[in-house]
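One structure is given here, and the rest of the page talks about it.
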Amino acid sequence: MQKPLVVKGTRDFSPQEMAKRNYIFDTIRQVYKLFGYKQIETPAMESLSTLMGKYGEEGDKLLFKILNSGDYLSGVTDDELTAKNALRMTRSISEKGLRYDLTVPFARYVVMHRNDITFPFKRYQIQPVWRADRPQKGRYREFFQCDADVVGSDSLMNEVELIQIIDEVFKRLQVRVCIKINNRKILSGIAEIIGEPDKIVDITVAIDKLDKIGLDKVNEELRAKGIADQAIEKLKPVLLLQGTNEQKLDTLRSTLASSEIGLKGVEEMEFILKKATLLHMNSDIDLDLTLARGLNYYTGAIIEVKALDVEIGSITGGGRYDNLTGIFGLPNVSGVGISFGADRIFDVLNQLNLYPDSSMQGTQVLFVNFGETEADYILPIISQFRQTGISAELYPEADKMKKQMSYANANTIPYVAIVGENEMRENKITLKDMLSGEQQSLSVTDSIKLFL
RNA sequence: GUAAUUGUAGCUCAGUUGGUUAGAGCGUCGGAUUGUGGUUCCGAAGGUCGCGGGUUCGAGCCCCGUCUUUUACCCCA
């Protein structure tokens, strides 16, 4: 016998878990629709030429590659076989891969359908993505992203709208969060001011770790990357930036006075923060310069959301990326988007037990089956229940009542309808409340009313 | 890719320096109870001790390999 297993980093979802997950997906979907975003889907697999080189060297390694169909070794030369160079070999034996995120397939979609799209185009997409990295806390190899993007509009109002969406979703899910916001242009300005404009990636990766490893370790890492002590010293006041968002902006404005791009970033940030104050948002919004998470394709705002009550890393991320479609031959289309990490939000809601009872509601009434005569009598009645929107089921076999009751219990069905000889004679239904154990004899219409 | 860590019944876990036939609780199924579940009582089923190799008279326990779990780093949702 073969032992059943799920693949590393993947999970099965039970009916109960699916009810919870759908509650999350439905909430996000409703809010997206409310703000005028339209849904699309793209295939699970994409051509490797679409995916490769979009996520950096590290990302290429984390792509799941799909072997070519048929004899995938037919195109491989003996030299390639003996060379044992995995990277080159991959190109010969695999031309498709599983999508790594939803943004790059979306960029491909926009370019391919540019003639059918009216810009600005607001789309949302809720689908799984796959990454071949090591699973650990809050990290899976198959997980769902819930993306919303706007392409073809440079207006910062889009950023404001996306922040509003984030606030609305977490308000509905009753999760307390902090929305962190930064701007790539400010980071560029900082790199410029300290005289290391080429090292912006190294700098941002290092300062991203500030709250995790502390200032000394960050400086150590910067030094290791070849950044001068002078520059590190100049960086210090920026890293230790304190106070309200307004105070931070003031400090930045004077520090970045000589950097054109830096000032542009400050200006953008100010616009977004000002508009956000008009929104009466539920969550705090916080200018955070240490927010520099990877994704080198962001060019403007960078957004990240952290749950306040659970330690789990970011549960939503996003930002502006100019010219993402450029690589596919459609230049000068700007995009900005966010992505809810449904699987992490699922973990958060599980830990805080934030699911409303209504989201877990399944069958409302189970009809006991006493045999064919009674079942025949029940069939039209149960149809009446369903037509009024009450989810009802008839137990499929005339098992012992104990077993049928246990079934209702195991499935947390709140009511059991008992219709046997007596009830048929009196044209009534005995309805048992499974929580209190009480039961009452009602006509069909009265029992339906009970649920409405 | 680097470094730890876990694996025994469906689930959670015991299992003594290496020594007879590997245990418990929960769950499942059956019965007490042929029109009443969630309580109680009785009973039963369920195991290649992750897998492969080695040491030993003898391995769940020791050694090697491999897979797996969880976690840190890298990177990321």
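Every chain is numbered from 1 and lettered A, B, ... according to where its sequence line falls, protein lines coming before strand lines. This is a predicted model, so every value here is computed, not measured.
The side chain of A/Asn409 lies closest to B/G37 when the candidates are B/U2, B/G37, B/C74. When distances run from any side-chain atom of A/Arg344 to the nucleotides B/G35, B/C75, B/A77, the shortest one goes to B/A77. The side chain of A/Thr430 sits closest to B/G35 out of B/G35, B/C75, B/A77. For A/Glu423, counting side-chain heavy atoms from C-beta on, the closest listed nucleotide (B/G35, B/A77, B/G37) is B/G35.
Residue-level contact check: A/Gln439 touches the bases, meaning some heavy atom is under 4.0 Å from a base atom. Contact annotation for A/Tyr140: base contact, defined as any heavy-atom pair under 4.0 Å involving a base atom. Using a 4.0 Å heavy-atom cutoff across all strands shown, A/Gly317 reaches no nucleic acid atom at all. Across all strands, A/Lys137 comes closer than 4.0 Å only to sugar-phosphate atoms, never to a base (heavy-atom distances). Residue contacts for A/Asn422: at a heavy-atom cut-off of 4.0 Å it reaches a base atom on one of the strands shown. As judged by a 4.0 angstrom heavy-atom cut-off over every strand, A/Gly56 is placed among residues making no nucleic acid contact.
Spacing between atom CZ of A/Arg134 and atom C1' of B/C76 amounts to 15 Å, rounded to whole angstrom units. Between A/Ile302 atom CD1 and B/A77 atom C1' there is a gap of 16 Å when expressed in whole angstrom units. Spacing between atom CD of A/Glu397 and atom C1' of B/U34 amounts to 17 Å, rounded to whole angstrom units. Here the P atom of nucleotide B/G38 and the CE atom of A/Met405 are 10 Å apart, to the nearest Å. Between the P atom of B/C75 and the CD atom of A/Gln136 lies a distance of 12 Å, rounded to the nearest Å. Distance, A/Asp133 CG to B/A72 C1': 14 Å, rounded to whole Å. In this entry the distance linking CD1 of A/Ile24 with P of B/A77 reads 18 Å, nearest Å. Per the geometry, CG belonging to A/Asp101 stands 14 Å off C1' belonging to B/C75, to the nearest Å.
In this structure B/C26 sits in a base pair with B/G10, meeting the Watson-Crick or G-U test at under 3.5 Å.
Stacking here means ring centres nearer than 5.5 Å and ring planes tilted less than 30 degrees, and by that measure A/Phe143 stacks onto B/A77.
Note that CZ of A/Phe121 is 5.0 Å distant from OH of A/Tyr109, once rounded to the nearest 0.5 Å.
Remark: the separation of the P atoms in B/G23 and B/G46 is 14 Å, to the nearest Å.
The nearest heavy atom of RNA chain B to A/Lys61 and to A/Lys403 marks one nucleotide each, and the one closer to the 5' end goes with A/Lys61.
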